[in-house]
Amino acid sequence: MTEMTGHRQRRSEKAGQRGLRKVDVKMNDIEKMYESMGIDTEVYAYGKSVLEELEERFRAVDETADYNQLKVLKAMQECQVSEACLLGTSGYGYNDLGRETLEAVYAKVFRTEDALVRPQITCGTHALALALMSNLRPGDELLSPVGKPYDTLEEVIGIRPSKGSLAEYGITYRQVDLLPDGGFDYEDIEKAITERTRLVTIQRSKGYQTRPTLSVRQIGELISFIKRIRPDIICMVDNCYGEFVENAEPGEVGADMVVGSLIKNPGGGLAPVGGYIAGKRQCVENAAYRLTSPGLGKEVGASLDILRSFYQGLFLAPTVTASALKGAIFAARLYERLGYDVVPNGSESRHDIIQAVTFGSPESVIAFCQGIQAAAPVDSHVTPEAWDMPGYDSQVIMAAGAFVSGSSIELSADAPIKPPYAVYFQGGLTWPHARFGILKSLQTLVNRGLVDRSLLKR
Ligand SMILES: *Cc1c(COP(=O)(O)O)cnc(C)c1O
């Protein structure tokens, strides 16, 4: 079969060279493979025409990956990562060479004084809660100058009452929304800063909102503004989904703490759990005393058998992030051309790997997510449904056929079932998989009559 195809292909190439291009162009291997996996010729061809527009953008993504690959490699070499570092400890985990070296590598990569990188940090929310709770004291005030924080942080802060929230410990919260154009409301931010303001939280990524994601440069401008008013205010950046998307990270523009999840970008798809806090020595120390215990801090915390995946995942993270980024750009342009609202749009610059597509109806949101699930390497045969997920205030549908449960650096999509019915799509360990997943989502919409076939031909 393959040989036949090869012959035919060469013959038609020759015919093409002689100017005798055949009218009925034969399918090539990749098209046949796509067809065998349920993607119509029309959907495939539409995807291909979208890709042709994106060559230059993809080149820029590869350049960032080149830079960040070397940044990670350099940090590993300078910290003298050795074979012994890949082995773990048990029990108390004293003198864990691999854990200590990995934390030094993270500090170098994120250009901070120190870092806490632990499997005992269970997720991104936990890392953020830890950073906040360990650096705030009763009577302090927390300020978000970039609007509402990520849904799960509402309970951490106590915006939605919850057991153990910062509010229960007498830590108050204030928020200044972004201006309608997505810019910072400097006037109100200045007014919101009081003598009680101890910590400012800046979320880089849009999360479940349709506001633009902040660039590292914008974050730097905001931090400079805040530090001019009160230099002792701790500036924390929720860096979830932003790692390795740009050449610089927020630690380079003055952030005192940079916080994220290892089952997103920096784990490179290999870390099976974990979170990190990179930042000023004092802030990281406070976090360590809270994670383990006062007096023990960073000195304990057995790494068991997990360090190899943390190192190898970090090493792969720049190229994995690039794959996810290409997927996001492809999805943006593909759905934008069909007339949907997409954030960011198909041509603007990117500062995280999340792509929002507003479908305007629950049926389309569900079809999109079910298409992504059907493209997964794990659990492709199951159908995701909307459910009441803890930490969220509406039903949520999630597509995640991932090797690591809930990992969103792997091809995944989630959507709260509420207006404007936007889907948040992210991840893709490889670009070919991201491409296939997005085409599968479109195919599902086409199959259910939610996208008209005639639109694919324009
Ligand atoms: C994912 C995410 C979080 C929370 O991380 P979890 O690992 O899901 O708890 C917080 N903030 C942002 C911006 C995120 O994207």
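Positions are given from 1, in the same order as the sequence printed here. Excluded from the calculations below are hydrogen atoms, water molecules and symmetry mates; all remaining heavy atoms, backbone and side chain alike, are included. Whatever order the structure lists them in is the order used to number ligands and atoms, beginning at 1.
For E246, the salt bridge (Lys or Arg N to Asp or Glu O under 4.0 Å) partners two or more places apart in sequence, or in a different chain, are R204.
Under 4.0 Å from ligand 1, not a single heavy atom of I354 appears.
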Worked check of ring pair (Phe, Tyr, Trp, His ring centres under 6.0 Å) between Y106 and Y276: CA-CA 9 Å; Y106 261 72; Y276 76 91; 5.5 Å; yes
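Contact atoms of ligand 1 toward Q203: 13 (C) (distance under 4.0 Å to a heavy atom of the residue). For ligand 1, the atoms sitting less than 4.0 Å from at least one non-hydrogen atom of K264 are 1 (C), 2 (C), 3 (C), 4 (C), 5 (O), 14 (C), 15 (O), numbered in the order shown with element in parentheses. Close approach of ligand 1 to Y241 is summarised as follows: ligand atoms under 4.0 Å from at least one heavy atom of the residue are 15 (O).
Within the structure, the salt bridge (Lys or Arg N to Asp or Glu O under 4.0 Å) test picks out the following pairs touching residues 192-203 (sequence neighbours left out): E141-R196.
Between D238 and ligand 1, a contact under 3.5 Å exists for at least one N or O pair.
With 3.5 Å as the limit, one finds a donor-acceptor pair spanning the side chains of R448 and Q370. Q175 and Y173 are linked by a side-chain donor-acceptor pair at a separation below 3.5 angstrom, with hydrogens and angles left out of the test. In this model, no donor atom of one side chain and acceptor atom of the other lie less than 3.5 Å apart for E155 and S165.
Counting only heavy atoms of the protein, atom 9 (O) of ligand 1 lies nearest to T125 OG1, 2.5 Å.
Residue G124 holds the heavy atom nearest to atom 5 (O) of ligand 1 of all those in S205, C123, G124.
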